[in-house]
Structures are given as structure tokens and as C-alpha cells.
2 protein chains.
Amino acid sequence: MDAIDLSLVELLQGNARLSYAELARQVGLSAPAVHERVGKLESGGVVRAYRAEVEPEAIGLGVTALIGIVEDSGGDTDDVLEAFRRMPEIESCYFMAGVESFLLKARVGTIAELEQLIVRLNRTPGVASTRTGIALSTKWENRPQPLARPAT
Amino acid sequence: MDAIDLSLVELLQGNARLSYAELARQVGLSAPAVHERVGKLESGGVVRAYRAEVEPEAIGLGVTALIGIVEDSGGDTDDVLEAFRRMPEIESCYFMAGVESFLLKARVGTIAELEQLIVRLNRTPGVASTRTGIALSTKWENRPQPLARPAT
DNA sequence: AGGCTCAGGTCGATGGCGTCCACGGACTGT
DNA sequence: ACAGTCCGTGGACGCCATCGACCTGAGCCT
């Protein structure tokens with residue numbers, strides 16, 4: 001993981017569809033060399049996936065909510081997680097320090113659907129309570145960070 | 001925005017580096033047709049970007065925090081936003097309903113860096129108070145949703 | 001020191017891909 | 001019926017991905 005790998009990661013964070021030839025030009029190596037490096041970044045787990053970032057409204061998901069979950073004292077965390085995983089509306093799931101064990105980011109089409117989701121969450125065994133905040137607008141999301149430090 | 005466009009979006013959400021030829025095979029059109037459709041999805045703002053999804057730990061960002069911001073009653077929201085935008089650690093920024101006007105997702109290398117970030121946030125004009133929750137682990141993040149409904 | 005080994009690069013070749021263009025069929029409104 | 005428009009196909013051409021052969025420098029053992 002040297003400076004060139006960092007540049008490659010940074011370039012691909014900015015535009016995942018760059019050709020190997022273009023990447024090669026930008027970092028000053030040949031295309032096969034870049035091909036091999038990117039392959040190693042992928043199989044080494046540094047690059048997990050390449051995704052198109054989609055405007056949620058355009059695919060009928062206009063409502064974003066952030067939901068804190070308080071767990072039942074007796075509940076099994078793994079079961080709760082499994083239940084969350086089966087709800088496709090939950091885009092992100094963080095296990096948190098604090099009273100609320102989980103913080104979920106959910107995306108649905110309408111407030112009515114959000115209501116249904118919250119009901120389902122509250123019914124989930126192991127969930128003691130939920131606290132929902134609605135995002136009025138998303139200023140930005142998943143902005144890539146400049147990769148300053150040459151990480152170990 | 002028909003069923004084929006939806007498939008294209010779904011395919012590109014799963015793997016943004018698919019070739020046009022491969023996309024064409026999957027949706028049953030020719031490559032130029034797919035090329036044109038994807039171009040329209042991009043310029044129409046449906047597809048905003050293609051990004052490589054990177055394991056944050058691998059680039060020295062092991063600490064994820066979610067920070068609620070309460071605004072000063074007198075503060076100018078745009079100025080606050082502008083200040084946030086200049087902090088690269090803030091990956092996402094939502095404008096929320098509720099007491100806390102913003103919810104930020106920040107990613108830093110160490111707890112010490114998080115502390116510095118929180119100090120900077122509290123010093124920012126227009127910010128009355130902050131409330132930080134630390135993510136102990138990320139179960140998943142930015143999982144693409146299946147695109148069921150044929151959105152208008 | 002000399003030579004082995006290995007990681008990681010360049011170069012060259014070839015088949016597939018991206019992309020431009022001209023053409024054609026189905027709908028639509030008149 | 002006709003013309004216009006939209007959206008697709010097929011062909012052509014140059015660039016790209018990818019493979020194999022070879023090169024080079026660092027580290028190490030004898």
C-alpha cells in the first residue's frame with residue numbers, strides 16, 4: 001500500500017469507471033501494472049465494490065430517516081441484526097456505543113411507508129424502542145475523503 | 001425511465017465497472033443502445049457518480065462517528081453548512097427535522113482526531129451544541145435497494 | 001563479491017470493446 | 001396516407017484489456 005495505490009484508490013473513488021489506460025496515465029505506470037495493482041486492492045479487501053451512486057428520488061425513494069434502536073435487555077443482538085438485514089429499506093446499520101445499540105439509515109418512498117417500517121421495527125423481538133429522525137434534505141452523502149496520510 | 005433503465009441502474013449499483021457490452025447482454029439490447037440509455041441516466045441526474053467503495057480501515061479511517069448538531073437561534077444555516085463542507089472528515093450531512101438541525105457522519109483515524117473534530121464543530125459560529133455517538137462497528141453501509149416499483 | 005530469487009515493472013500482440021454513423025421500423029398527430 | 005420523431009440495430013475503426021515474455025533492482029545466502 002504505497003503512494004501509487006493511494007492515488008489509484010482516490011481516482012477510483014472519484015470515478016469508478018475510469019479505464020486502466022487512463023489510470024495508468026494519471027499515476028505514471030503502464031496499464032498492465034495498474035491492472036495488477038487494482039486487482040490486488042480488490043482481492044486484498046481495500047476496494048470492496050464499485051457502485052453507481054443513484055439519486056434516490058429518481059427511483060422513488062424520497063424519504064430518508066435515521067432511526068435509533070434501544071435493545072431489550074434480554075434480546076439476542078444477532079437475531080435483531082438478522083431481522084434488520086431482511087428489511088431492504090435499511091441501507092446502513094451501525095452498532096453504536098450508548099443507550100441506542102443501533103443506528104439505522106433507512107430510505108422509503110413515502111411517510112406512510114416509513115410508518116410501516118417503524119411499526120415493523122418496534123414489533124421486532126429484541127427491540128425495546130425506536131427513535132426516528134427524518135432528513136429534510138441530504139446536503140451530501142458519502143463524500144470521498146482526500147487520502148492524505150500514507151496509511152501503514 | 002422504463003423497466004430496462006431500472007435494470008441498468010440496478011446492475012450498475014451492483015457493479016459500476018460492468019462494460020456496456022456486458023450490460024447489453026444482460027438487458028437484451030445492443031451495446032450502443034445501452035450506451036445511449038446510460039448516458040441519458042447520467043445527464044438526467046439519475047446516476048450521479050460511480051465510486052469505488054473502500055474499506056475505511058484500510059485507508060487509516062478506523063473511527064466512525066455520528067454527530068447531531070443543535071443550531072444557535074441566531075446562526076445562519078448556510079454559513080454553518082459552508083463550515084461543515086470545509087471539514088473533509090464529514091462524509092455525510094443531513095438537514096434534519098427536530099431539535100438537532102444536522103446529523104453528520106464523520107470518519108477519522110483515531111479518537112484523538114475525533115476529539116479535535118468535535119472541538120472544531122463546537123467552535124463553529126452558529127453551532128450551539130453537539131452530541132456524538134461512536135459506531136463500534138459498521139454492520140453494513142449503503143446497501144443498494146432492490147428496485148421494485150417502476151417509478152414514474 | 002557474486003549469483004539466486006522474487007516482486008513488480010515494461011513491451012508487444014491480439015481479441016474484444018467503446019463509440020460514431022447511417023439506416024430502419026413503430027407510433028403519433030394531422 | 002404521410003411525415004416526423006424516437007429508439008433501436010449493424011458495421012467500422014481505433015483504443016483498451018489482458019496475456020505472456022522479458023527486464024531490472026533489492027535482498028539474501030554462500
Side-chain angles (χ1 to χ4, degrees), chain A residues 1-61 142 144-152, chain B residues 1-61 144 146-152:
Chain A
M1 190 65 171
D2 61 3
I4 293 184
D5 282 339
L6 275 184
S7 314
L8 290 173
V9 167
E10 198 155 24
L11 287 164
L12 287 169
Q13 268 187 332
N15 180 4
R17 280 182 81 79
L18 287 175
S19 68
Y20 291 115
E22 183 58 31
L23 291 171
R25 253 169 257 131
Q26 304 258 353
V27 302
L29 288 182
S30 65
V34 167
H35 188 255
E36 180 168 345
R37 276 172 177 268
V38 172
K40 283 182 183 170
L41 289 170
E42 290 168 3
S43 58
V46 176
V47 172
R48 274 193 303 224
Y50 301 100
R51 334 210 87 114
E53 192 182 294
V54 173
E55 181 73 33
E57 284 84 358
I59 53 171
L61 298 175
N142 300 123
Q145 293 203 24
L147 305 179
R149 56 196 130 345
T152 67
Chain B
M1 190 65 170
D2 61 3
I4 292 185
D5 282 339
L6 273 185
S7 315
L8 289 174
V9 167
E10 197 155 24
L11 287 165
L12 286 170
Q13 268 187 333
N15 180 5
R17 280 183 78 80
L18 287 175
S19 68
Y20 291 116
E22 182 58 31
L23 291 170
R25 255 169 255 133
Q26 304 258 352
V27 302
L29 289 182
S30 64
V34 168
H35 186 251
E36 180 167 347
R37 276 172 176 266
V38 172
K40 281 181 183 166
L41 289 171
E42 291 168 3
S43 58
V46 177
V47 172
R48 275 194 303 224
Y50 302 99
R51 338 209 86 120
E53 192 184 294
V54 173
E55 180 73 33
E57 284 84 359
I59 53 171
L61 298 175
L147 306 179
R149 56 196 131 341
T152 64

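Fair warning: this is a prediction, and the values are worked out from it, not measured in the lab. Side-chain atoms are counted along with the backbone in the values below, which use heavy atoms only and exclude waters and symmetry mates.
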Calculate the interatomic distance between A:E22 atom CD and D:dC15 atom P; express it in whole Å.
14 Å
Touch class at under 4.0 angstrom, heavy-atom based, for A:S19 against every strand present:
sugar-phosphate
Rounded distance (Å) that lies between atom C1' of D:dC6 and atom CD1 of B:I4
14 Å
Considering just the side-chain nitrogens and oxygens of A:R25, establish if one lies under 4.0 Å of OP1 or OP2 belonging to D:dC16.
yes
Could you write out each protein N or O paired with an N or O of nucleotides 22-28 of chain C at a distance under 3.5 Å?
none

To the nearest 0.5 Å, what is the distance between CG (B:L41) and CG (B:D5)?
4.5 Å
Between A:V54 and B:Q13, the two heavy atoms sitting closest are CG2-NE2, 3.7 Å
A:L29 side-chain proximity, nearest of D:dC7, C:dT10, C:dC17
C:dT10
Would you confirm whether A:E53, through its side chain, and B:R51, through its main-chain N or O, come within 3.5 Å as a donor-acceptor pair?
no
Divergence of helical axes at both termini of the helix from C:dA1-D:dT30 to C:dT30-D:dA1 - five pairs an end, 10° steps:
20°
For A:R17 and for A:K40, locate the closest nucleotide of DNA chain C by heavy-atom distance; then report the residue assigned to the nucleotide nearer the 5' terminus.
A:K40
Counting N and O atoms only, with roles assigned by atom type, does the side chain of B:R17 sit under 3.5 Å from a partner on the main chain of A:A49, one being a donor and the other an acceptor?
no
Whole-Å distance, B:L18 CG to C:dC17 P, equals 12 Å
Gap between atom OG of B:S30 and atom CD of B:E36 - 0.5 Å precision
9.5 Å
For B:D5 and D:dG8, what is the distance between atoms CG and P respectively, to the nearest whole Å?
8 Å
Flag side-chain contact, heavy atom, 4.5 Å: A:R48 against B:P56
yes
Between the protein and nucleotides 18-22 of chain D, which nitrogen or oxygen pairs come in under 3.5 angstrom?
unit_1: D:dT18; atom_1: OP2; unit_2: A:H35; atom_2: NE2; d: 2.5

Kindly compute the distance separating CD1 (A:I59) from CD (B:E10), expressed to the nearest 0.5 Å.
8.5 Å
If you compare all heavy atoms of A:A16 against all heavy atoms of B:A16, which two are closest, and at what distance to 0.1 Å?
CB-CB, 4.4 Å
Test side chain to side chain contact (heavy atoms under 4.5 Å, CB included) applied to B:L23 and B:R37, step by step:
CA-CA 11 Å; B:L23 291 170; B:R37 276 172 176 266; over 6 Å; no
Atom-pair distance (CD on B:E36; C1' on C:dT19), nearest Å
12 Å
Could you give the CG-to-C1' distance, from B:L23 to C:dC17, as a whole number of Å?
12 Å
Looking at B:V38, B:V27, B:L6, B:V34, which one forms a side-chain contact (heavy atoms from CB on, under 4.5 Å) with B:L11?
B:V27
